[in-house]
Amino acid sequence: MRRPEPLPTRFDPASFEARWYGAWEAAGAFTPEVPSSKPPYVILIPPPNVTGKLHIGHALQFTLQDLIIRWRRMQGYNALWLPGTDHAGIATQVMVERELAKEGTDRRALGREKFLERMWAWKAQYKDNISHQAKALGASCDWTRERFTLDPMLSRAVRHAFVELYRQKLIYRDYRLINWCPRCLTALSDLEVVHKDVDGGMWDFAYPIEGGGEVVVSTTRPETMLGDAAVAVHPDDERYKHLIGKRVVHPLLDRTFPIVADAVLVDPAFGTGAVKVTPAHDPSDFATGERHGLERINILTEDGRINENGGPFAGQDRFAARKAVLAALAEKGLRRGEKTHRHAVGHCQRCDTIVEPYLSRQWFCAMQAMAARALEAARSGEVELIPEFWIATYENWLGNILDWCISRQLWWGHRIPAYYCADGHVTVAEHDVAACETCGKPVEQDPDVLDTWFSSGLWPISTMGWPEKTPDLAAFYPTSLLITAFDILFFWVARMVMMCCHFTGKAPFAEVHLTGLVRDARGQKMSKTKGNVMDPLDLVHEHGADAVRFTLAALASPGRDLPLDAKRMEGYHAFGTKLWNAARFVQMHLDGSEPELDAIDPTTLALPEAWILAELDRTVTAVDKAWGSYRFDEGCRELYQFVWNDFCDWYLEMAKPALEEDRGPGSGVRGPADPLAHDRRAGDVRAVARGVLLEALKLLHPVMPFITEEIAAHLGAAGMLIRTRYPEPDARRANPAALRLIAAFQAMVQETRSYRHLVGLPPGARLGLYVEKLTPEQRVAFTALAPELRRLAALDTLELDAASVPAGAIRDLAGGVHVAIVLPDGAVGEAERERMETELRQVEAELARTQARLADDSFASRAPAEVVEGARRRAEELGHKARLLAGTLGLER
RNA sequence: AGGCGCGUAGCUCAGCUUGGUUAGAGCGCUACCUUGACACGGUAGAGGUCAGCGGUUCGAGUCCGCUCGCGCCUACCA
């Protein structure tokens, strides 16, 4: 075997990350086979918006997706992770419009064509940013299948879906109240309206009644009285019964309107029990208007000013008009009171402008039937939500869903494939048409585009070429797993389930893992204004991609937000350094002749080697379980503990005598008693240390792909880890006896060290250890481990004669082994005495609790035998410990 | 108004589904250690009425009910 180059002394992620990404790509390691005999495993990327750079939340999504896809790929699946980006209609258009505003122009001045050119240029720039960042993080997605929602193939799918739904009468056009953003000048869906609590006012004013009298109403939006078409009262309300059917006189405009009875709208107990009705500007008033055939008086222009229906107020901004209307009412002596009122106000998700309920002709998609199917998919388990508590939220939303307004008065997006002739006929077609299908007259295409989420909803199938029956669709649909943040559960996840079920009959993915949101170290949301934003690329430059990935994965507890602390990332950076240095240590002892781990029979190995293989096996099982249940935090913890505690702290320390005493003549190290046996053990140690390290690197590879490849190559691994088989549990390595014996060994070492600190012995001072009542198995094991024990516990005398152990020196029981630690002179200092007395008190307290429990008849009779037995053993141990401590302190007990 | 989640060491979090020996981790803190892989290190420690109250149970951080506090989502109450 070729002896690889030694690992550099310094761990420098930047020196190898890009090189490895290039090597994987060059080897085509990200691209699955088509066709393939291997089972498919597919993850679709939640396509990032081409609005800007990736944020830390994307880094989390990318990390978790890459972790799973690398793991599945190594397990032998035909793994596809399909990347892409979303045109993000309104979000991106708002960004570019801001840019234009800085240049002193706007999209209308530019014209549709020029504006779209700007949009595409923007998209090109940010798409490149996004792929660059994904690669820097090590994302192993198949770039040969990269998609963009406005690609011809995906646009075709969108058009096809629209036409199909139109023919099925699930898409229709209607004139009704929608959410309107007066700044973006477009309709919005209900989801794009963000409700925020605002401290506003609640004003009462009186409407004069024809023929005398008045009726007092309350409102949070006085300006809408310009569009009032009725006053509603409850039909059973004795206060107002006599007014029903009468008309009120509009005090500011030259018109009158009726007082109607409406049991749905009016709650007689609320306010004055009389409600002003503005059908054109309030959803529940709109419904009331339908019931009573009321006039729908629109009083606003598209940009939020009062229109000609507002009489003297025409031209005023809606908020100026509010003040003006109140002043006018006051002048007429009609104001009847005012109070502050906290209520929810809808804001535009993208520009934060207050949204208006506005009458408009728009395209809608009927949701009920599709929602029922999507509910069924979740209830039957066809789609599994993880964590499962999300089902309640999912069901709640789908169960109360309203039709979806899908048209947007924007330019960036999929243009609606509807064509209108001068006579008002509508032609909807998959391909461009020139003539009306009804009358043959020339037509013009609808200028509007579709809600960006309409195309996102088709992502699982449009990316694979639907509606064509492509090989990809056959091989990779439905997909396996979706990983995304919970905040787009409704926007995206539910809509994908609805639309893909509708068009294919199959749910688009088997599992959905909903992650939390990345926050700062104190749990605050990251935002530019707070200045606590962490840029993933900065973090990669500072700590390396592997540390960023490991941190995010380790923080990803199910259903919780991730408080990202720089300190934590430093800790995982240090983990990389630790791994690197452990590998350097192992590597410097290798001579290139080591057999692979599979070629070694574990039963021929010495205890430390058998033990580390058993720990490895335990870790393999635990990690497998963790990844399989998306417990990224648990998997990371298992790996961290195995590498740092088991392998570095214990195994390598135990292995050092075997490795280091064979540095050859002249090294000044005393030679072993049996050179032949020592050489055999040294050979085993080298092979096992290297082999276990390589297995750990494979286990770690999905989380830390770069450092693991780099180290594995320096250890002479055959081939790249990305293409290596993932470790599997191995019954030959499992070894409960080794786990038990080494646990006892560790306990002896730790008790001895602890005792050294407890009595304040200087580091150089040596101790003796007396061990008694060993089982035959323990005697063999500890005799063999004597050099390691001596070294790790800094002991110099073992197996003291029982007669030479002073009664008061016996201190402890450890790991089921009776030991006594012998002080050189038996002296105990005053400070140490106090600490030992404290410990004695604690031991006695616990002993008392345990004995009380044992003395309780109901415990003995009702608790399982093993629990009772455990308590009994514990009491015995505690009793012994208490006696020994008391003895050391010279106390009588 | 409904729904969901959370409240465990100074900080950030595991553990709760399937109740059982001494409640864990990382960071921070204390003491000691410049021992040839690693000071981004090693060793040993200190630190917790598991938000509160009540219940079920031999036994509750874990199950049930209530209360308080925090966060989020959905919602057309003027």
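Just so it is clear, the model here is predicted, and its values are computed rather than measured. Note on naming: letters A, B, ... go to the chains in the order of the sequence lines (proteins, then strands), and numbering restarts at 1 for each one.
- Centroid-to-centroid, the aromatic rings of A:Tyr394 and A:Phe389 stay 6.0 Å apart or farther.
- For the pair A:Glu653 and A:Arg791, the salt-bridge criterion is met [side-chain N within less than 4.0 Å of a carboxylate O].
- By the 30° and 60° cut-offs, the orientation of the rings of A:His513 relative to A:Phe632 is perpendicular.
- Nearest nucleotide to the side chain of A:Asn581, out of B:C76, B:C73, B:C38: B:C38.
- Between A:Asp12 and A:Arg10 there is a salt bridge, with a side-chain nitrogen of the basic residue lying less than 4.0 Å from a carboxylate oxygen of the acidic one.
- Of the options A:Lys276, A:Glu356, A:His281, a side-chain hydrogen bond (donor to acceptor under 3.5 Å, both in side chains) to A:Thr224 is made by A:Lys276 and by none of the others.
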Expected rows: protein N/O vs nucleotides 20-22 of chain B N/O, under 3.5 Å:
{"from": "B:U22", "atom 1": "OP1", "to": "A:Glu846", "atom 2": "OE2", "distance (Å)": "3.4"}
{"from": "B:U22", "atom 1": "O4'", "to": "A:Glu846", "atom 2": "OE2", "distance (Å)": "3.4"}
{"from": "B:U22", "atom 1": "N3", "to": "A:Arg874", "atom 2": "NH2", "distance (Å)": "3.3"}
{"from": "B:U22", "atom 1": "O4", "to": "A:Arg874", "atom 2": "NH1", "distance (Å)": "2.6"}

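- A salt bridge between A:Glu869 and A:Arg874 is absent, with no side-chain N of the basic residue lying under 4.0 Å from a carboxylate O of the acidic one.
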(message) What does the 5'-to-3' dot-bracket notation of RNA chain B look like when only Watson-Crick and G-U wobble pairs under 3.5 Å count, and pairs to other strands show as |?
(response) ((((((((.[[[[.)....(...]]]].(((((.......))))).....[[[[[..)....]]]]])))))))....
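- Classification of the A:Tyr640-A:Tyr572 ring pair by plane angle, with boundaries at 30° and 60°, yields perpendicular.
- Nearest-nucleotide mapping onto RNA chain B: of A:Glu634 and A:Arg522, the residue sitting toward the 5' end is A:Arg522.
- Using atom C1' as the reference point in both B:C63 and B:A44, the two lie 39 Å apart (nearest Å).
- Nearest to the side-chain atoms of A:Met588 among the listed nucleotides B:C73, B:A37, B:A78 stands B:A37.
- No salt bridge links A:Arg335 with A:Asp204; every basic N to acidic carboxylate O contact stays at or beyond 4.0 Å.
- When each of A:Val216, A:Val215, A:Val266 is tested with A:Val231 by the rule side chain to side chain contact (heavy atoms under 4.5 Å, CB included), just one qualifies, namely A:Val215.
- If you measure from atom NE2 of A:His573 to atom C1' of B:C38, you get 13 Å, rounded to the nearest angstrom.
- If you measure from atom CD of A:Gln524 to atom C1' of B:C72, you get 14 Å, rounded to the nearest angstrom.
- The pair A:Arg221-A:Glu223 counts as a salt bridge, with a side-chain nitrogen and a carboxylate oxygen less than 4.0 angstrom apart.
- Here, B:A75 and B:A23 have their P atoms 46 Å apart, quoted to the whole Å.
- Taking every heavy atom of residues 555-567 of chain A and every atom of RNA chain B, pairs under 4.0 Å involve A:Ser557, A:Arg560, A:Pro563, A:Lys567, by number.
- Atom C1' of nucleotide B:C76 and atom CG of A:Asn400 are separated by 13 Å, given to the nearest angstrom.
- Between the CD atom of A:Gln641 and the P atom of B:A14 there is a distance of 16 Å, rounded to whole Å.
- Side-chain proximity of A:Phe389 to the nucleotides B:A37, B:C76, B:C4 is greatest for B:C4.
- Taking the C1' atoms as reference points, B:A39 lies 26 Å from B:G24, given to the whole Å.
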